[in-house]
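These notes concern the structure reproduced below.
On a predicted model such as this, the values are computed, not experimentally measured, just so you know. Proteins get letters first, then strands, A, B, ... in listed order; numbering begins at 1 in each.
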Amino acid sequence: MTKQDPRQVFALMAEFAGPAALMDAARACRARYRDIDAYTPYPIEGLAEVLGFRRNGVPFWTLVGGIAGGGGAYFLQWYSAVIDYPINSGGRPLHSWPAFIPPTFELTVLGACLAAFLAMLLLNGLPRLNHPIFEAPDFDLATRNRFFLAIRATAPGFDVDEARALLAGLHPMRIVEVPA
Amino acid sequence: MAPEAALAGDAPGPRYSGAVITDRIAGIVLARPTHWGFLAGLGVSAAFTVLFLVAVGYLFAVGVGIWGIDQPVAWAFAITNFVWWVGIGHAGTFISAFLLLLRQHWRTSINRFAEAMTIFAVAMAGLMPILHLGRPWFFYWLAPYPDVMNVWPQWRSPLVWDIFAIGTYIIVSIVFWYMGLLPDLATLRDRARTRGKQIAYGVFALGWRGEARHWHRYETAYLLLAGLATPLVISVHSVVSLDFSFGLVPGWHSTIFPPYFVAGALYSGFAMALVLAVPLRAAFGLRDFITERHLAKMGTLMLVTGLLVAYSYGVEVFSAYFGGDAHEIAIMEDRYTGAYAPVAWAVILCNVVIPQALWLGWVRRSALALFALGLVVLVGMWLERFLIIVQSLAHDFLPSSWHLFVPTFWDLATLAGSIGAFALMFLLFLRFLPAISMAELRKEAHHEPMHQ
Amino acid sequence: MSRDPNDTDRAAHLRFWRSVEEAQGEVDPSADTIGLPTGRRDFMRLMGASIALAGLAGCSRPPLERIVPFRDGPQQQTYGKPIFYASAIARDGYGAGVLVECNMGRPTKIEGNPLHPASLGATDVFSQAAVLELWDPDRSQTVRAGGAIATWDASIAALQGRLRARPRGAGVRLLTETVTSPSLHAAIRALLGRYPEARWHQWQPVNRDNAYAGARLAYGTPLDTTYRFDRARVILSLDADFLDAMPGCVRYAHDFASTRAAHAPAERRSRLYVVESTPSLTGAAADHRVPLRARDVPAAAQAIAHALGAASDGPATAPVPAEWLQAVVADLSQSRGGCIVIAGERQPPHVHALAHAMNEHLGNVGGTVVHLPAAAAEVVDCTASLRELARDMHAGSVDTLLVLDANPVHTAPADLGFSDALTRVPFKLHLGLYEDETAAASDWHVPAAHALESWGDVVAFDGTCTLQQPCIAPLYGGRTPLELIAVATGDAQADARTLLTRYWSGRQPQDFDAFFDDALRRGVVPGTASAPQRPALRPFDVPPSTTPPGASLELVLTTDPRTGDGRHANNAWLQELPKPLTQLTWDNAALVSPALAQRLGLVNEDVVSLRVADRSLDAPVWITPGMPDGCVSLSLGYGRTRAGTVGSGRGANAYALRTVDAPWFVPGVSLVRTGRRYALASAQTHGRMEGRDIVRMVSVAQAAACTAQACGTPGYRDQRTLYDSPPFGPYAWAMSIDLSSCIGCAACTIACQAENNIPVVGKEEVRRGREMHWIRVDRYHEGSVQNPRTVFQPVPCMQCEHAPCEVVCPVEASVHDAQGINVQVYNRCVGTRFCSNNCPYKVRRFNFLQYSKDVPSLDAQRNPEVSVRMRGVMEKCNYCLQRITTARIAADREGRSLRDGEVVTACQAVCPTRAIVFGNLNDPQSEVNRRKNSPLDYALLAELNTRPRTTYLARVTNERHGA
Amino acid sequence: MAQVFSRRFVLLIRLGLLAALLAVVAGATAYRTLARADAPEDAPIRQPIPFSHQHHVRDDGIDCRYCHASVETSSFAGIPPLSTCMTCHSQLFTDAPMLEPLRRAYAGATTLAWNRVHDLPDFVYFDHSIHVAKGVGCTTCHGAIDRMPLTRRVASLYMEWCLECHRAPERYLRPHDRVFDVDWRPPADQLAQGAALRRQYGLRTTRELTDCSTCHR
């Protein structure tokens, strides 16, 4: 493969056969570079942390969604039944709070679930149909049985040859340059 | 995570490697030619779907009077179907959410199609209350929205709670199911060899590329959803049961209903799951993914929930006499000796007596036996709901109003049609989406090789 | 419903499929009022309407409405306000005063005339239904000559030509029903005077022949005997249904109830003994009832008379229980001058004579029993009169026959061969409301004007005369009998009003106009009530009771409580109004006692063939508790072939078994099973109370000693609750129903139907249990099936303060207003039907299909103050909200509050016995409060703590000990 | 492996989604506006005779009740019988072609059918007499009728519109003698005066005025 100008390179990517090898490689590279991605066919415990994953954010937004859903539901019921149009239904009090609980609960759950899902997507920067990494040969195996480790060109002090050397030392199945 | 186990996950050689799993399951959708049996099933279910559409069309044209409902039995088939379908819809989420929390790893090979089953069942269920309205074109009046009448829903009505419970349940089920599908859609996108399929699956895969951080958030969200879905499942059928226990009709007005209905729901849910799983694994050669072990576990769950239901039957009768309310007692006596007694005893037979066979090991291991039992329980549970709803109404406070319900052709057509529509949707799901979660299986394979 | 027995057979068996036929419109030919299929157009229109409601009207706007002004504004009438006209409606010739409510010129509702002695403000079911009859699209709409459409003038020409050819009227016959109208009688006399050889016949299937013959027997002269039940302490009814089927029965019911009401003073409380051959309202009201074969009634009467000393010799064996006999005799003789012995219209003359003898003996005559000159203008023996006509027709000596307002072809006794004889009459002219059987057999048919379209006069049971005035011009150019007679007499020009005024100005020469207007306004002609008579009792001998061998069955013919003698067969309101004792609708049936059914192995809906001599008739069986063993009862009024779309072909034609000699009681009948079944529609499938506290009964003694603790749920109104009472306004409407007064006549049901635009659903729907009546009259049996006590309970909406229906409605369609009324907002209802399920009283009614058909003439009858409900909407009683609102607005305009009794609900207004009282709970002086403070006051299903605004007064029974 | 989705393709998808979204919004708003105007507000209704309230009320100063005679006694304000029109028009404009339909109808040759301007649904029971009696003026609902050459509807007649007054009538109540006064304008202290009038007229509580049964049966 020919040497390229770093600016045309998106990342330098190594392909591994199994999670264990990937783990070790990740640790090694992480010691040297900051912007490292790993692509696996299924979640691998601890890998994200190894890559320096900090803020998850999903639980927080789930809580927010839940509170919004529940609070909104109860307010809506109280406002419509007590303030906006009070009507005597079966002699029950206008503010029949026990009856207001079920919708409140349901909407709490709904709000939380939607928030969790959306937070997961957006924090992950999805949906993103077009991504340079898809250009990489063999990358379709990332959703089957291969494990990839990519050092992004944006990494401070990134140098293709140095990175290639580093990766080569980790016995990958192959190493490829992913064009930007 | 032992390295050799890890090796078992990827390196070619041992069975059930990630590659094999992926290719086998993705193959069903992408490569495998359509089976003639599949087409036959599709045809039959399509025919019944048409019947459903005809029945609904006629219903809208003429009115709910085409059904057998009367005074005092103003609810019958439509609501029975509703409760029955919602119940069936419970197993899916229960399996995928509740068992996930309990770390029941065997669930991985059945949760996907169970969730699909849930969605389609709840869709059918959601339709019924709308169909049964006297003026269905005003169904949206049950939802709160600013209108020129300045009138709101009546929040004390369990029917309004229903809207929220069912609505929430179907949305959450779909989200949960779709989220589980994301990685598999990515797999299909990458395995697909035609541009059309690549685009179709690719769009819905939302560009999933299996990045480690993504996986991390993904698992968090999935776990949260599971945690939220579990109480939701319980709440939904509890709310449905309130449609009855909230009313003061003798035979309805009972505090045991929520747990009673939830148990019944899971009971029928597992039954349906079995009824679907057995032919599924046979037709698509998935015997080594959905193993006897899986079936046996579902059988056990069915037995447990069945016993809960049986207990509830007992308590119902007991509390009537223990409570000493004349009307309640009258209802119970009429239930087991009156005009609807045959139904009542059929319920006992289907839901209590026959399922005791599940104590026998060989029954739990025999796919065929489980399939048959599933059908029996499904019938039994439908009859149970029919009994609770119709018999109680037909025999309430003032003897002068007592009147029996007799179904009409259109009642039966609606029920049969809804089953057809359900089957149609499920078959299409099998054709176009992976019936078993590949990503999760890969993970499982990597954790512990699946030869037990 | 299909007529062909095999079809009905199928219908009865394969219920699964019934509703499919139904769905395909196989319901009822009477498509106007009943039946299902909204055609595609209707459906599109409906969807259109509903979509418009849904707010989608952006694309399809509602059509622009038009307002067409009068040319000259009508007098004494305001837009949007009803006017009431006083008039009278006749039943079997006897008039009852009514007030006809007209909205913008359309008669929509009928109320009783408080000034009229036979009404006192109440009416029977027939008067209520008259307004539907007026608007019935099946009414005869044109003159017909031999079936072809002709004109009034042509008919006049034909008739007058006919008569001109017979200057002395040879061969000319006139057939009418019993004539009580003075003006008509005068006209007929004038006609007969002009044509001396013409003959006048009177025939009426439900006639007073026996009563008149009985009076002749006892007094030598025909009399109308009237009764003062309000003065009677002891009443003995010998097969007389004086509460439901007798001239003056509405008044009688009122007087009777005044001695039965829960709070009737002890010294006025009456005790009723009844022997009867068919369960009736009177029997249900009895304290001591004995079911008896009709042929045994004479013997019973004789035995009692003998025991009283009113008759010299008694029968060998009395057919009634000894202790019962003793009780009756003791009670009667204890209250001389204060009791009544009344004989049934159908009983043979000597039973009437015996009754007269007993009344004389007990000194009741002049007190509780009042003899009046016959109300009939001329008393003739109808049967004899018709027999004579038939004979002459057979003989061919009749060549011109005028039939006025009668239907002999259907109602003549079977053995007269009337219709055959009719074919031998060359010229037959028929005047009638419908193109009925007789019209079909006649050469000329002239549509008759309806009572509400007519000028005329009619006499009530006590001789009081009422002027009938039209509330609307004849819809189809109908004529009155008076006009036709005038034409026959040669006066073709004069209209009905002129004829009427001509007659009355003859009777009232001085300041006639004042008199006439006054009579019209009040609805009674002052001073026309007949004067009591005191003829001397003459000895008469009673034929030895010829009791045939007990084995053979006896057929009892009755007038139908809904279709009468058949003239109301095309009235859908009456057809769908459950018959009080059997709760059957739309059909008559052969009533048999449970024991007999068991003996013959019959179950309900089995079709049997009733055979007498060479005649036979197929009819479905209905097992009726309280039927005397050894007889079968079948009502007249069904099996019409040309009644109209509603009534044709319904039920069995009992006239087929009726003969001159056995007009009411046919001995020697045999029941033969046919193996077929015929579907009957009963509005109530379960008749026992199952030991529940539904209709509460207390004895007089208990009632006297009654305190809130003893009877009445202790203070159901202050049961504990979690909630504080919602803000109620100045009015808290409530209702009290006195079960002691209620006789179960169901006038309330049909009045409510007329007032509130309640649709008719048809037989199939009733069978499904989908009848729409807002106030139903429940009937319960208690005690032995052979002779049970039968009680009635009107059940309207209870207007619960804690209404179970409201909390379950998801769209606020069922809510409470500040007057305490549980209102149903039709336009908000989406039809979940949860409210109905949750209503413990099951008073809610649902439009399962589009029941309110859009037929112009029926639309005209609708009450403009009440919404017409569409399919898919729940409805129910709302205490006649429209009446409350109208009264409230009137009061608010004047800035005053409503007075007690200012708002009267439809059911309350029509009730002959004043069983229903409605009023304001916040007014401590109100009648309803007075009633609710009684210890006899109780709430239905009070244990549910629904706090009903409608409550009941327990039924007080007055048995004699040891009877 | 190559990209499944090129950048341009992604852009296309985005644009497509955007378009769909806009379409939905547009549809919704269109539906809202159209559906609400099931009979156009403020659009003069054409009549067989171009009757001008402006002319009769403002120019001639005829009192409302001269023609709408039953407004104080009945639910229906009343449409004048033709004889009422002819009281004047037998002398005035006797040969105006505009009035030909009136004369022909009065002669009995045809009928005169006015087109309805205010048309409530059949399940709404509105009573003019009580509103007039309780100090709700004609123009409060019918607008400046004296400025309408052709009569038009100024209120939506939706339930929300009715409620707007039933919830706080004091905002509109007038003294009795001003009810038929087309020149009445709410005084500065309308709320205070209205409240006083509300007490004086003995109006029902707002809760009662907003009961379903007040207008629906």
### Query
Centroid-to-centroid, C/F834 to B/W75, below 6.0 Å?
yes

#### Entry: Interface moiety of B/I69 toward chain C, non-hydrogen atoms closer than 4.5 Å
both

### Task
Select, from C/R845, C/H686, C/E771, C/R828, the one with the greatest count of heavy-atom pairs under 4.5 Å involving chain B.
C/R828

### Task
Please check if any side-chain donor atom of B/S400 sits under 3.5 Å from a side-chain acceptor atom of C/Y780, or the reverse.
yes

### Query
Quick one: of B/G247, B/P129, B/P136, who has the most non-hydrogen atom pairs under 4.5 Å with chain C?
B/G247

### Message
Counting only non-hydrogen atoms closer than 4.5 Å, does C/R779 touch chain B with its backbone (N, CA, C, O), its side chain (CB onward), both, or neither?
### Response
neither

### Query
What residue among B/F409, B/W382, B/W67, B/W84 forms ring-ring contact (aromatic ring centres under 6.0 Å, His included) with B/F77?
B/W382

### Query
Relative to chain B, which of C/Q583, C/M874, C/R776 shows the most heavy atom pairs under 4.5 Å?
C/R776

### Residue, of C/T946, C/D778, C/V808, that accumulates the most heavy atom pairs under 4.5 Å with chain B
C/V808

#### Entry: When C/C829, C/P810, C/G872, C/G831 are compared by non-hydrogen pairs under 4.5 Å with chain B, the top option
C/P810

### Summary
Counting heavy-atom pairs under 4.5 Å with chain C, the top scorer among B/V73, B/L404, B/D243 is B/D243

### Query
Using a heavy-atom distance cut-off of less than 4.5 Å, which residues of residues 149-160 of chain B contact chain C?
B/M149, B/V151, B/W152, B/P153, B/Q154, B/R156, B/S157, B/P158, B/L159, B/V160

### Side chain, backbone, both or neither of C/S836 within contact of chain B (heavy atoms, under 4.5 Å)
side chain

#### Entry: Any donor-acceptor N/O pair, C/K579 side chain to C/S682 backbone, under 3.5 Å
no

### Query
Residues in ring-ring contact (aromatic ring centres under 6.0 Å, His included) with B/F82, at least two apart?
none

### Task
Go through the atoms of C/P804 and report whether side chain, backbone, both or neither lie under 4.5 Å from a heavy atom of chain B.
side chain

### Query
For C/Y851, does its backbone N or O pair with a side-chain atom of C/R871 as donor and acceptor, under 3.5 Å?
no

#### Entry: Ring centers of B/F246, B/W161 separated by less than 6.0 Å
yes

### Message
Can you confirm whether the side chains of C/T790 and C/H781 place a donor and an acceptor under 3.5 Å from each other?
### Response
yes

### Task
Would you mind telling me which of B/I163, B/L142, B/D411 has the largest number of heavy-atom pairs within less than 4.5 Å of chain C?
B/L142

### Message
Regarding C/T950 and C/Y841, do their side chains bring together a donor and an acceptor under 3.5 Å, going by distance alone?
### Response
no

### Message
Quick check for you: among C/G691, C/A813, C/C839, C/G769, which has the greatest number of heavy-atom pairs under 4.5 Å with chain B?
### Response
C/G769

### Query
Does anything in residues 317-332 of chain B get under 4.5 Å of chain C by heavy atoms, and if so which residues?
B/H327, B/A330

### Summary
Comparing C/L941, C/V807, C/N837, C/V811 against chain B, the one with the most heavy-atom pairs below 4.5 Å turns out to be C/N837

### Task
Indicate, with yes or no, if the rings of B/Y340 and B/W345 have centres closer together than 6.0 Å.
no

### Query
With ring centroids as reference points, do B/Y145 and B/Y140 lie under 6.0 angstrom apart?
yes

### Query
Between the side chains of C/H802 and C/E806, does any donor sit under 3.5 Å from an acceptor?
no

#### Entry: Any donor-acceptor pair under 3.5 Å from C/Q793 side chain to C/V695 backbone
no

### Task
Under the side-chain hydrogen bond (donor to acceptor under 3.5 Å, both in side chains) rule, collect the residues that match up with C/T582, sequence neighbours excluded.
none

### Task
Would you check if there is a donor-acceptor pair between the side chains of B/W85 and B/S418 at a distance under 3.5 Å?
yes

### Query
Would you say the side-chain atoms of B/Q71 and C/R844 include a donor-acceptor pair closer than 3.5 Å?
no

